Amino acid sequence: MKIKCVLIDDEPLAVKVIQNYFQNFPEFEIVNTFSNSIEALDFLNNNTIDALFLDINMPLMSGFELINLYHNKKNTKIIITSAFREFAAESYDLDVLDYLVKPIPLPRFIKCLNKITAEFQQKNNLKQENHRVEPHIFIKVDKKMVKINIEEILFVEGMKEYIKVVTSEKTYITHKSLSSLTEELPEDRFMRIHKSYTIAIDKVKTIEGNRIQISSYTIPIGRNFSKEVKNRILE
């Protein structure tokens, strides 16, 4: 089952950018695009969609006005796309899921999709191929977007401008910061233990001194992280 999306923006280039981004994510489907809020509202109120990407400044009716008239917004994840940061606070009063500032960088867009996926799985008990879909993230590897199930990740290692994501089966290298990827991982399952390492807490086999053993890997615990690490893992 795909996550059905609608794009509403009166700027053709902005729509094209998001359409191009979505080509890397087969789990999402763009079911319609609109440059006019009036036409979009009629479609939204007569069809079921999962996620709505919506610009604010549009002719005839603004994005905020559309949200207020949208009957089924409680069952739809709404994402604002705007060139103006100052509307962010007002948008969250309307219970939007995310606020993307144009021009939207691909890493920020991926973070938004991960958030949509997590919400959709939790509230709709999404299933594919007769089994529950595992929570996952996407990272860019060799110009391709690669899906990695959260459960498979052992740890993430920072290497200057790159990071290494180590799973039970494979290792991936991507151009991304350790802090950025750590923010995308569930806080209750992962933690930073060193300036260069974030680990999966449930994968820890042993702790000895200032080192942690995960699978066949020995990972150092940073001095500034030591107390929190032992409190969380040994509690």
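Computed from a predicted model, the values in this text were never measured in an experiment.
- Minimum interatomic distance between Ile193 and Ile212 (heavy atoms only, all atoms of both residues): CD1-CD1, 4.0 Å.
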Per-pair distances, 0.1 Å, donor-acceptor, side chain in residues 94-105, under 3.5 Å, sequence neighbours excluded:
from	atom 1	to	atom 2	distance (Å)
Asp98	OD1	Arg108	NH2	2.6
Asp98	OD2	Arg108	NH1	3.1
Asp98	OD2	Arg108	NH2	3.3
Tyr99	OH	Phe84	O	2.3
Lys102	NZ	Asp9	OD2	2.6

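- Here the side chains of Ile137 and Leu181 are in contact, with some heavy-atom distance below 4.5 Å.
- By the salt bridge (charged side-chain N to carboxylate O under 4.0 Å, His left out) test, Lys73 is found to be paired with no residue, residues two or more places apart in sequence or in another chain being considered.
- Taking CG of Asn45 as the start and CG of Leu69 as the end, the distance is 8.0 Å to the nearest 0.5 Å.
- A continuous path of ILVMFWY side-chain contacts below 4.5 Å connects Val31 to Tyr70, so both sit in one hydrophobic cluster.
- A distance-only check finds a donor-acceptor pair linking the side chain of Arg192 to the backbone of Lys195 [under 3.5 Å].
- Applying the side chain to side chain contact (heavy atoms under 4.5 Å, CB included) test between Ile67 and each of Ile56, Leu54, Thr76 identifies Leu54 as the sole match.
- Residues Thr48 and Asn75 form no side-chain contact, since every pair of their non-hydrogen atoms from C-beta on lies 4.5 Å or further apart.
- A heavy-atom distance below 4.5 Å is found between the side chains of Met191 and Arg232.
- For the atom pair CZ of Phe155 and OH of Tyr197, the computed distance is 6.5 Å after rounding to the nearest 0.5 Å.
- Under the 4.5 Å side-chain heavy-atom criterion for grouping Ile, Leu, Val, Met, Phe, Trp and Tyr, Leu185 is not connected to Tyr162 through any hydrophobic cluster.
- Put simply, CG on Asp10 and CG on Asn36 are 9.0 Å apart, with the number rounded to the nearest 0.5 Å.
- Atom NE2 in His194 sits 12.5 Å away from atom CD1 in Ile199 (nearest 0.5 Å).
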Criterion side chain to side chain contact (heavy atoms under 4.5 Å, CB included) on Val166 and Val156, from CA distance to verdict: CA-CA 6 Å; Val166 180; Val156 185; over 6 Å; no
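- Under the ring-ring contact (aromatic ring centres under 6.0 Å, His included) criterion, Phe25 pairs with Phe138, sequence neighbours left out.
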Check against side chain to side chain contact (heavy atoms under 4.5 Å, CB included), Phe53 and Ile78: CA-CA 6 Å; Phe53 289 76; Ile78 298 176; over 6 Å; no
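- Within a 6.0 Å radius of CG in Asp142, no more than 12 heavy atoms belonging to other residues, nucleotides or ligands are found.
- Contacts of Lys4 classified as salt bridge (charged side-chain N to carboxylate O under 4.0 Å, His left out), with partners at least two apart in sequence or in another chain: none.
- Applying the side chain to side chain contact (heavy atoms under 4.5 Å, CB included) criterion to Gln19, with sequence neighbours excluded, gives Leu7, Val15, Lys16, Ile30, Thr33.
- Contact annotation: the side chain of Met61 approaches that of Leu41 to within less than 4.5 Å [non-hydrogen atoms, C-beta and beyond].
- Side-chain contact between His136 and Thr117 is present, with at least one heavy-atom pair separated by less than 4.5 Å.
- In this structure, the side chain to side chain contact (heavy atoms under 4.5 Å, CB included) partners of Asp188, at least two apart in sequence or on a different chain, are Pro186.
- Thr167 places no side-chain N or O within donor-acceptor distance of the main-chain N or O of Ile153, the cut-off being under 3.5 Å.
- The backbone N or O of Phe64 sits less than 3.5 Å from a side-chain atom of Asn68, completing a donor-acceptor pair.
- Hydrophobic cluster membership is shared by Leu106 and Ile116, with clusters built from Ile, Leu, Val, Met, Phe, Trp and Tyr side chains linked at under 4.5 angstrom.
- Among residues at least two apart or in separate chains, side-chain hydrogen bond (donor to acceptor under 3.5 Å, both in side chains) pairs with a member in residues 200-215 are Glu151-Lys203, Gln213-Thr218.
- No side-chain heavy atom of Ser62 sits less than 4.5 Å from a side-chain heavy atom of Met58.
- Counting heavy atoms from C-beta outward, Val141 and Lys144 have side chains that stay 4.5 Å or more apart.
- Following chains of ILVMFWY side-chain contacts shorter than 4.5 Å, one can reach Ile80 starting from Leu60, so the two form part of one hydrophobic cluster.
- With sequence neighbours left out, the salt bridge (charged side-chain N to carboxylate O under 4.0 Å, His left out) criterion links Glu183 to Lys111.
- Glu65 meets the salt bridge (charged side-chain N to carboxylate O under 4.0 Å, His left out) test with no other residue; sequence neighbours excluded.
- For the ring-ring contact (aromatic ring centres under 6.0 Å, His included) test, residues two or more places apart in sequence or in another chain that qualify with Phe28 are Phe22.
- The side chain to side chain contact (heavy atoms under 4.5 Å, CB included) check on Phe34 picks up Val6, Ile8, Asn32, Glu39, Ala40, Phe43, with sequence neighbours excluded.
- For the pair Val165/Ile139, a side-chain contact is recorded, criterion being any heavy-atom separation below 4.5 Å from C-beta on.
- A distance of 14.0 Å separates OG in Ser82 from CD1 in Ile79, rounded to the nearest 0.5 Å.
- Residues in residues 155-176 take part in these salt bridge (charged side-chain N to carboxylate O under 4.0 Å, His left out) pairs, two or more places apart or across chains: Glu157-Lys164, Lys176-Glu184.
- To the nearest 0.5 angstrom, Leu52 atom CG is 9.0 Å from Cys5 atom SG.
- Minimum interatomic distance between Ile150 and Phe190 (heavy atoms only, all atoms of both residues): CG2-CE1, 3.4 Å.
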